[in-house]
Structures are given as structure tokens and as C-alpha cells.
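Read through the structure below, which is laid out as C-alpha cells, and then see the notes.
These numbers come from a predicted model, not from an experiment. We use all heavy atoms of the structure for the numbers below, so side chains are in, but hydrogens, waters and symmetry mates are not.
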Amino acid sequence: MVYQATASAPVNIACIKYWGKRDTKLILPTNSSLSVTLSQDHLRSTTTSRADPSFAKDRLWLNGKEEEIVAPGRLATCIAELKKLRKELVEDKDSSAPKLSTFPVHIASFNNFPTAAGLASSASGFAALVSSLAALYALPCSPSTLSLIARQGSGSACRSLFGGYVAWEQGVLDDGSDSLAVEVAPRSHWPEMHALICVVSDDKKGTSSTSGMQRTVQTSELLQHRIKHVVPKRMKEIEAAIKAKDFDAFAKVTMADSNQFHAVALDTEPPIFYMNDVSRSIIALIVEYNRVAIEKTGKRKAAYTYDAGPNAVIYTLQENVKEIVELIVKYFPQKDGFKDPFQLFAGGSVG
Ligand code: ADP
Ligand code: DP6
């Protein structure tokens, strides 16, 4: 009997950014966040897990290369938590269920886009890992319950357990049991939303999100203001914008939050710069594009957002995608920072 399961998960791109932990082991954030999960067509991780009593130990291959699983690291924690759920929820309840929780697992995962390059591979990667083990173990768990485990692999991964529009509620409990992802709206609610990913650089980032955000927690006064006075209000505003399908309000909050995230990175000691000149030029282009749109219709038509790297994600509605792609290609020929046409764009709908 072969015990094996495969699952895929897409990346998600935050509109309200997670930046800072109150517990670095359990990965509990200092603020709630909200993201849009992209469709699986472009950026996804696909993971196959197999359990077998003849395996000597748990092992994982990422893009064909073995990654060490060291306890109590993130990978080891996720695997241990899922084995625990298998025992409690399946094997302890049904004595005829195979004791998969006692078998070592071999896991193979592939990303169809650059890994560790600021394109959120850790988010899709840990979400796919948790989903594949949950399928292997036939866990009767909701995506929110699984998000509690994916969160311990990488915070942003908890949001990739859902498609569409997803909030990660920061929670208040010390054990993290209320720090989970919830669906704000399914993809079908607002399928016209699109994300254009402009790969300015797929080099490994200089300061990882994990270390960068803790430096910000330790040194930035502005982060304290953001956590207390800005994010709670913005979470309400963006949820309302999504529910009302109000793109103008969605764009305003998304761009403001990207700006503030990069401001707290700059307010860190020593300062962290994630955007480069090309990133800033793309901002200028979108600002001008929106200025013309506001003049004509009173409303914005695009929103930029940047994570911990120089790559731009532009949210817009389907009707504007062609126009924006043409503008970007016109103003940013490959020699100005893009590496090759394949990497120029991954345009995706919401997944
Ligand atoms: P990114 O910006 O791509 O999220 P990070 O440096 O934050 O980059 O995270 C990259 C790390 O995430 C990898 O080194 C690996 O540990 C983990 N990771 C990425 N993809 C996968 C995957 N498919 N399965 C398991 N872990 C993954
Ligand atoms: C800027 O989830 O990669 O993309 O929890 O330490 O693994 P760890 O950090 P990670 O940080 C993501 C930061 C961000 C914003 C976001 O996705 O909300």
C-alpha cells in the first residue's frame, strides 16, 4: 500500500502588510494583515508527501535539492504538528486507521517560479506542504485550522490556505490558537481583480523578511504607531472596499499600506531599503496613470504594492490589464531592469 498525496498552493500578495512578530517561535504577528491569493496558473508550489515505515527519517527535497529538516525548525514543527493531528483526530478515533503518524515522510516540492527571490515562495511553499500532508493524513480540518500550522512555517503562508480575499487575524492568545486565516470573500465575489507581477529582480533578497521585521520591531518607533493607530482602521477599510467591490477605496488603502510598510523598513536601525530605482519609477507611473483616471472619472484604476524586495505587484481590474501592460512595456524596456521577457510579467487573476 502506497500512502501518498499531492497538493498545490498559490502565492498571496498582501494589501495590508504583516511586518513584525510578538512571538518568533509560534510566529504570532504584531498586526493583522489582508491579502489576495493569486490563481495557480502562474506562481505556485506543488508538493507530494509519502509516508512509509521503511523510510529512515523525514526528508524534504525542494526543487530537487534536499533541505535539512532540523528540529525545532519551521519544517520540523509543521510536520510534527500534522502528525499530532493525524494521531488525535484519525488514529485515536478509529483503531483500524493505519498508524501513518508513526511513519517517516518523504516530501518533494517544486516551485514554478524563482525560490527565495521576494516572490512569496515561502507562502505558497508552506501552504502546499501543509495541504499535502493534510491530504495524506486525511485530516478532517478546515482551512482555518490548517492555517494555524502553515503560520508556523512562514507567517504569510497561513493566508495561502484560502483562495480569494483573505485576512490573517493577529489574535490575542499566547498559544496562538486564535491567530489564523479567515476568508473575507471568495474569488467569485470579485473575479475581475487582476494582479500584474513585474519582476524587477529575482536575485536573493538582501535582508530576509524574518530578520528584517524583527529588527523593525526592536528599533522602529513608527512601527508602534502603525500597529496601534493605522492597521486596525485599514483592515476595516479594505474589508469594506472588498465587500463593496469599490476598487478606488481598495487601491487607496493598498498603496498607502505598501508605502507605510516601506517607511517602517526605512525607520529601522540600520535602515532597510527594499525598493530600487525601477520600483520607484513604477510607482511614479501608476501615480500618473491614476491622476489621469481621477481627472476623467474621479476614481483610481490601479494599485501598486511591494513586499520585501523590489518587485512590483499591480492590482487592477480586468478591463485595464492590457492598457497597463502596454504602458509598462513602453516605459520599462528590458534593458532598464527586467531580465528577460519570460520574467517580465506574471499576470494572474485572483485564485
Ligand atoms: P520568498 O520571498 O520567496 O518567500 P524567503 O527567503 O522568505 O523567500 O523564503 C524562502 C524559503 O521558503 C526557502 O528557502 C524554503 O525554506 C522555503 N520554501 C520555499 N518554497 C518552498 C516549498 N515549495 N516547500 C517548502 N518550503 C519552501
Ligand atoms: C512583506 O511571511 O516571509 O511579504 O513569518 O518570518 O516567514 P516569516 O515572514 P514572511 O513575511 C512576509 C512579509 C511581507 C508582507 C506580507 O506578506 O504580509
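The number of heavy-atom neighbours closer than 6.0 Å to NZ of Lys299, taken from other residues, nucleotides and ligands shown, is 12 or below. Other residues, nucleotides and ligands contribute only 12 or fewer heavy atoms inside 6.0 Å of the CG atom of Asp174.
Cys15 is not listed as a side-chain neighbour of Asp257, based on a closest heavy-atom distance of 4.5 Å or more. Using a 4.5 Å heavy-atom threshold, the side chains of Met193 and Tyr165 count as touching. Side chains of Tyr137 and Val105 form a contact here, defined as non-hydrogen atoms less than 4.5 Å apart. A heavy-atom distance below 4.5 Å is found between the side chains of Lys93 and Leu89. A 4.5 Å side-chain heavy-atom check between Thr207 and Tyr274 finds at least one atom pair inside the cut-off. Side-chain contact check for Ile272 versus Leu266: every heavy-atom pair is 4.5 Å or farther apart. In this structure the side chain of Leu119 never reaches within 4.5 angstrom of the side chain of Val11, judged on heavy atoms. Contact of the Ile282 side chain with the Val200 side chain is registered, since non-hydrogen atoms from C-beta on lie closer than 4.5 Å.
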Show your reasoning for whether salt bridge (charged side-chain N to carboxylate O under 4.0 Å, His left out) applies to Arg215 and Glu269. CA-CA 7 Å; Arg215 254 166 56 196; Glu269 166 67 37; over 6 Å; no

If you apply the rule salt bridge (charged side-chain N to carboxylate O under 4.0 Å, His left out), what do you find for Glu326 with Lys322, and how did you get there? CA-CA 6 Å; Glu326 281 167 5; Lys322 190 167 171 284; 3.1 Å; yes

Output, in order, the C-alpha distance, side-chain angles, deciding distance and verdict of ring pair (Phe, Tyr, Trp, His ring centres under 6.0 Å) for Phe250 and Tyr315. CA-CA 9 Å; Phe250 172 91; Tyr315 283 116; 5.6 Å; yes

Go through the steps for Arg74 and Thr210 under the test side chain to side chain contact (heavy atoms under 4.5 Å, CB included), then give the verdict. CA-CA 12 Å; Arg74 293 170 169 210; Thr210 307; 3.4 Å; yes

Show your working on side chain to side chain contact (heavy atoms under 4.5 Å, CB included) between Val313 and Leu196 and close with a plain yes or no. CA-CA 6 Å; Val313 174; Leu196 298 173; over 6 Å; no

Take Asp267 and Leu223 through the side chain to side chain contact (heavy atoms under 4.5 Å, CB included) test and state the conclusion after the steps. CA-CA 8 Å; Asp267 192 47; Leu223 183 74; over 6 Å; no

Using the rule given for side chain to side chain contact (heavy atoms under 4.5 Å, CB included), can you reason through Glu169 versus Asp178, listing the C-alpha separation, both sets of side-chain angles and the distance that settles it, and then say yes or no? CA-CA 8 Å; Glu169 292 175 349; Asp178 59 349; over 6 Å; no

Given the rule in the side chain to side chain donor-acceptor pair (under 3.5 Å) test, do Ser132 and Thr47 qualify, once you have shown the distances and angles that lead to the verdict? CA-CA 6 Å; Ser132 100; Thr47 304; 5.4 Å; no

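Panel note: side chain Asn12, backbone Ser35; no donor-acceptor pair is recorded below 3.5 Å. Within the 3.5 Å criterion, the main-chain N or O of Ile242 finds a donor-acceptor partner in the side chain of His189. In terms of modelled atom types and a separation under 3.5 Å, the side chain of Ser45 and the main chain of Gly125 share a donor-acceptor contact. Judged purely by atom type and a 3.5 angstrom limit, Asp248 has no side-chain atom pairing as donor or acceptor with the backbone of Lys301. Ser160 places a side-chain N or O within donor-acceptor distance of the main-chain N or O of Pro10, the cut-off being under 3.5 Å. Listed for the Arg151 side chain is no donor-acceptor partner under 3.5 Å among the backbone atoms of Leu180. Side chain of Tyr18 to main chain of Gln170: no donor-acceptor pair is present (N/O by atom type, distance under 3.5 Å, no hydrogens or angles). Although no hydrogens or angles enter the test, the distance criterion places no donor-acceptor pair under 3.5 Å between the side chain of Ser121 and the main chain of Thr115. In this structure, the side chain of Thr268 engages the main chain of Val264 through a donor-acceptor pair within 3.5 Å. Distance alone, capped at 3.5 Å, is enough to place a donor-acceptor pair between the Asn259 side chain and the Met255 backbone.
Here Ile13 contributes atom CD1 and Ile314 contributes atom CD1; the two are 12.0 Å apart, rounded to the nearest 0.5 Å. The distance from atom CG of Asn112 to atom OG1 of Thr46, rounded to the nearest 0.5 Å, is 6.5 Å. To the nearest 0.5 angstrom, Asn31 atom CG is 6.0 Å from Ile227 atom CD1. In this structure, CD on Glu239 lies 9.5 Å from NZ on Lys236, to the nearest 0.5 angstrom. The CH2 atom of Trp61 lies 12.0 Å from the CD atom of Glu67; values are rounded to the nearest 0.5 Å. The structure places OG of Ser124 at 10.5 Å from CZ of Arg44, a figure rounded to the nearest 0.5 Å.
A pairwise comparison of heavy atoms in Ala76 and Ala71 identifies CB-CA, 3.7 Å as the closest pair. When all heavy atoms are compared, the tightest approach of Val217 to Gly20 is CG2-CA, 3.5 Å.
In the model, Ser32 has no side-chain atom that pairs as donor or acceptor with a side-chain atom of Trp168 under 3.5 Å. In the model, Thr6 has a side-chain atom that pairs as donor or acceptor with a side-chain atom of Thr48 under 3.5 Å. Side-chain contact, Ser33 with Arg159: a donor N or O sits under 3.5 Å from an acceptor N or O. At a cut-off of 3.5 Å, with distance as the only test, no side-chain donor of Ser147 or Ser144 sits close to an acceptor on the other residue.
A single hydrophobic cluster is seen to contain both Val278 and Ile283, as judged by linkage of ILVMFWY side chains at heavy-atom distances under 4.5 Å, directly or through other members. Both Leu222 and Phe261 belong to a common hydrophobic cluster when Ile, Leu, Val, Met, Phe, Trp and Tyr are linked at side-chain heavy-atom distances under 4.5 angstrom. Under the 4.5 Å side-chain heavy-atom criterion for grouping Ile, Leu, Val, Met, Phe, Trp and Tyr, Tyr289 is connected to Val325 within one hydrophobic cluster. No path of Ile, Leu, Val, Met, Phe, Trp and Tyr side chains, each step under 4.5 Å between heavy atoms, connects Ile294 with Leu285, placing them in separate hydrophobic clusters. Note: the hydrophobic cluster containing Tyr3 also contains Leu60 (ILVMFWY, side chain heavy atoms under 4.5 Å, direct or indirect links).
Salt bridge annotation for Glu288-Arg291: present, with a cationic side-chain nitrogen under 4.0 angstrom from a carboxylate oxygen. Remark: Arg300 does not engage Asp246 in a salt bridge, criterion side-chain N to carboxylate O under 4.0 Å.
Each of Leu75, Ile149, Leu62 was checked for a side chain to side chain contact (heavy atoms under 4.5 Å, CB included) with Leu129, and the lone residue meeting it is Leu75.
Taking the salt bridge (Lys or Arg N to Asp or Glu O under 4.0 Å) definition, one finds that Glu88 meets it with nothing, sequence neighbours left out.
Applying the salt bridge (charged side-chain N to carboxylate O under 4.0 Å, His left out) test to residues at least two apart or on different chains, the pairs with a partner in residues 46-61 are Asp58-Lys83, Arg59-Glu66. Every pair passing salt bridge (charged side-chain N to carboxylate O under 4.0 Å, His left out) that includes a residue from residues 5-30 is listed here, sequence neighbours excluded: Lys17-Asp307.
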